[in-house]
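See below for the structure under consideration.
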Amino acid sequence: MANAVVFGFQISAIIRIRDALAFATHSFFHENEFRLIHTPIITTSDCEGAGEMFRVTTGKKIDYAADFFGRQAFLTVSGQLQLETCACAVGDVYTFGPSFRAEHSHTSRHLAEFWMVEPEIVDADIQDVMNWAEAYVKYMSQWLIDKCCDDMELMADKGCIDRLRMVASTPFERISYTEAVKILEEAVKGGKKFDNKVEWGIDLASEHERFLTENEFQKPVIVYNYPKGIKAFYMRLNDDSKTVAAMDVLVPKVGELIGGSQREERYEVIKERILEMGLPLKPYEWYLDLRRFGTVKHSGFGLGFEQCCCLRPALTTLETLFPSQDTQEEQICN
């Protein structure tokens with residue numbers, strides 16, 4: 001019974017922390033003159049190009065021509081593509097809403113439904129978006145230090161407040177993906193064992209990200225210029241034609257917290273990237289029009305809100321942060 005009472009206190013604290021972080025998110029973007037955009041939940045385009053999407057249908061048999069929308073429709077994985085349209089019209093924008101991923105994962109760190117914070121910034125390159133991402137994480141950390149210390153003291157991890165102070169006050173390390181791989185390779189040569197192989201071209205695993213933040217630098221790290229083969233089609237191709245202007249913000253105890261990039265503004269280049277990934281052009285014609293008829297340099301990032309909450313009390317499972325949320329092995333709540 002005592003354990004149940006403590007657990008109840010923690011859940012109440014988590015709800016208050018989540019509420020505070022949501023309020024802080026809107027405060028940060030409004031203070032910086034971003035416009036809130038509500039992007040569609042039902043879409044016909046796959047933003048990430050990975051195909052891990054939930055289909056929306058009203059039919060008992062698969063016949064998209066006779067379906068409600070007359071073609072395939074999905075639950076959104078991201079509002080980014082729609083945000084880019086709005087950013088080109090009204091300036092800096094952001095969205096904060098539900099996202100869905102049909103990713104086959106049985107870990108406690110993946111959700112089928114979660115909330116995403118996604119800003120899109122005009123006249124911004126990869127350096128600018130790294131600056132914005134760092135500023136946002138520091139703002140959120142300081143907000144909790146100022147307003148939620150009592151709730152965080154109820155968490156099992158008693159070091160979370162000190163970690164927040166470190167994140168809020170310490171400049172983030174910035175290294176290229178190539179430099180990150182070299183560091184990991186040197187660690188392997190020195191006897192460090194990873195479950196996942198380290199070589200140029202891999203998508204860094206959580207153990208690699210945590211090694212960089214907790215062992216090598218002992219603070220948040222921003223890794224940038226990733227291989228194009230492991231990133232989405234909309235990320236700007238670098239001059240070496242091997243990497244893209246993408247960045248990830250990595251933090252201790254969590255790993256990747258934010259993923260972002262400078263967007264590809266060149267029509268022929270992005271069209272070729274879509275085809276390279278085996279995606280059909282038709283669902284993206286409206287998106288390509290932004291390049292076909294002129295655009296501006298712009299960048300953005302996405303943050304999984306539950307991951308953001310995870311950084312603060314350093315809980316180990318995402319579903320703890322969203323008690324009614326769904327993982328692959330759980331039933332949908334009625």
*asked:* With side chain to side chain contact (heavy atoms under 4.5 Å, CB included) as the criterion, how do T76 and T39 come out once you've worked through the C-alpha distance, each side chain's angles and the decisive distance to 0.1 Å?
replied: CA-CA 9 Å; T76 183; T39 54; 5.9 Å; no

*Dump the intermediate steps for side chain to side chain contact (heavy atoms under 4.5 Å, CB included) on E120 and R263, then the final yes or no.*
CA-CA 10 Å; E120 198 68 29; R263 314 312 190 191; 2.9 Å; yes

*Carefully, step by step, assess T43 and M53 under the rule side chain to side chain contact (heavy atoms under 4.5 Å, CB included).*
CA-CA 10 Å; T43 180; M53 305 178 74; 4.2 Å; yes

*Show the numbers, then the answer: is there a side chain to side chain contact (heavy atoms under 4.5 Å, CB included) between F301 and V249?*
CA-CA 10 Å; F301 65 79; V249 178; over 6 Å; no

_Between F74 and F100, is the ring-ring contact (aromatic ring centres under 6.0 Å, His included) condition met? List the steps._
CA-CA 9 Å; F74 309 92; F100 307 85; over 10 Å; no

*Using the salt bridge (charged side-chain N to carboxylate O under 4.0 Å, His left out) rule, take K189 and E186 through it: C-alpha gap first, then chi angles, then the decisive distance, then the call.*
CA-CA 5 Å; K189 291 178 182 178; E186 287 300 316; 3.6 Å; yes

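With side-chain heavy atoms closer than 4.5 Å counting as contact, directly or through intermediates, the hydrophobic cluster containing I62 also holds Y64. Taking Ile, Leu, Val, Met, Phe, Trp and Tyr as members and joining any whose side-chain heavy atoms lie under 4.5 Å apart, directly or through other members, the hydrophobic cluster of L212 also contains I175, Y177, V181, I183, L184, V188, F194, V198, W200, I202, L204, F211, F217, V221, V223, Y226, I230, L250.
Atom OG in S261 sits 8.5 Å away from atom NE2 in H298 (nearest 0.5 Å). For the atom pair CE of M247 and CD1 of I258, the computed distance is 6.0 Å after rounding to the nearest 0.5 Å. Note that CD1 of I161 is 8.5 Å distant from CD1 of I145, once rounded to the nearest 0.5 Å. Between W132 atom CH2 and Q127 atom CD the span is 15.5 Å, to the nearest 0.5 Å. Rounding to the nearest 0.5 Å places OG1 of T213 at 12.5 Å from NE2 of H208. L279 CG to E276 CD: the interatomic distance, rounded to the nearest 0.5 Å, is 11.0 Å.
Hydrophobic clustering places L281 together with F233 (ILVMFWY residues linked when any side-chain heavy atoms are closer than 4.5 Å, directly or through intermediates). Note on Y284 and L275: same hydrophobic cluster, where clusters join Ile, Leu, Val, Met, Phe, Trp and Tyr whose side-chain heavy atoms are under 4.5 Å apart, directly or indirectly. Neither L75 nor L81 shares a network with the other; the hydrophobic side chains, linked directly or stepwise wherever heavy atoms of I, L, V, M, F, W or Y lie under 4.5 Å apart, form separate groups for each. Under the 4.5 Å side-chain heavy-atom criterion for ILVMFWY residues, a single connected hydrophobic cluster contains both V117 and V254. Under the 4.5 Å side-chain heavy-atom criterion for ILVMFWY residues, no single connected hydrophobic cluster contains both V90 and V296.
Within a 6.0 Å sphere centred on CD of E31, other residues, nucleotides and ligands contribute more than 12 heavy atoms. When the shell of 6.0 Å around CZ of F54 is examined, it contains more than 12 heavy atoms from other residues, nucleotides or ligands. For R210, the CZ atom counts as densely surrounded, since its 6.0 Å shell holds more than 12 non-hydrogen atoms of other residues, nucleotides or ligands.
The shortest distance between side-chain heavy atoms of V251 and P220 falls below 4.5 Å. R174 has its side chain within reach of Y224: a pair of non-hydrogen atoms, C-beta onward, lies under 4.5 Å apart. Between N215 and K192, the closest side-chain pair of non-hydrogen atoms is not below 4.5 Å. By the 4.5 Å heavy-atom criterion applied to side chains, C86 and R35 are not counted as neighbours. Contact annotation: the side chain of Y267 approaches that of L288 to within less than 4.5 Å [non-hydrogen atoms, C-beta and beyond]. Between F172 and M130, every side-chain heavy-atom pair lies at or beyond the 4.5 Å cut-off. Under the 4.5 Å side-chain criterion, counting only non-hydrogen atoms from C-beta, R273 is not in contact with M235. For the pair P283/R71, no side-chain contact is recorded, criterion being any heavy-atom separation below 4.5 Å from C-beta on.
Partners of D128 by side-chain hydrogen bond (donor to acceptor under 3.5 Å, both in side chains), not counting sequence neighbours: none found.
In summary, R165 and D162 engage in a salt bridge, as defined by a charged side-chain N under 4.0 Å from a carboxylate O. At a threshold of 4.0 Å, the pair E265-K297 does not count as salt-bridged, since none of the basic side-chain nitrogens sits closer than that to a carboxylate oxygen. Using a 4.0 Å cut-off between charged nitrogen and carboxylate oxygen, E285 and K282 do not count as a salt-bridge pair. With respect to E268 and K271, no salt bridge is recorded, no charged nitrogen being found less than 4.0 Å from a carboxylate O. For D248 and K231, the salt-bridge test passes: some basic side-chain N is under 4.0 Å from an acidic carboxylate O.
A donor-acceptor pair is defined here as one N or O able to donate and one able to accept, closer than 3.5 Å; such a pair exists between the side chain of S299 and the backbone of A124. Looking only at distances, no side-chain donor or acceptor of Q262 sits under 3.5 Å from a matching main-chain atom of R236. At least one donor-acceptor pair closer than 3.5 Å links the side chain of D92 to the backbone N or O of V122. For N238 (side chain) and D240 (main-chain N/O), no donor-acceptor pair under 3.5 Å exists by modelled atom type. Here the side chain of E118 pairs no donor or acceptor atom with the backbone of S78 at under 3.5 angstrom. Side-chain atoms of T95 come within 3.5 Å of backbone N or O of I37 as a donor-acceptor pair. In this structure, the side chain of S27 engages the main chain of F23 through a donor-acceptor pair within 3.5 Å. Distance alone, capped at 3.5 Å, places no donor-acceptor pair between the E264 side chain and the I270 backbone. Looking only at distances, no side-chain donor or acceptor of K147 sits under 3.5 Å from a matching main-chain atom of I17. A distance-only check finds a donor-acceptor pair linking the side chain of E207 to the backbone of N196 [under 3.5 Å].
Closest heavy-atom contact between V244 and K228: CG1-CB, 3.6 Å. Nearest heavy-atom pair, I126 versus A245, reported as atom, atom and distance to 0.1 Å: CD1-O, 3.3 Å.
Checking Y139, Y136, W115 one by one against T25, the side chain to side chain donor-acceptor pair (under 3.5 Å) holds for a single residue, Y136.
Donor-acceptor pairing under 3.5 Å is lacking for the side chains of Y234 and E84. In the model, N225 has no side-chain atom that pairs as donor or acceptor with a side-chain atom of T243 under 3.5 Å.
Ring planes of F34 and Y94: perpendicular class, angle over 60° (limits at 30 and 60°).
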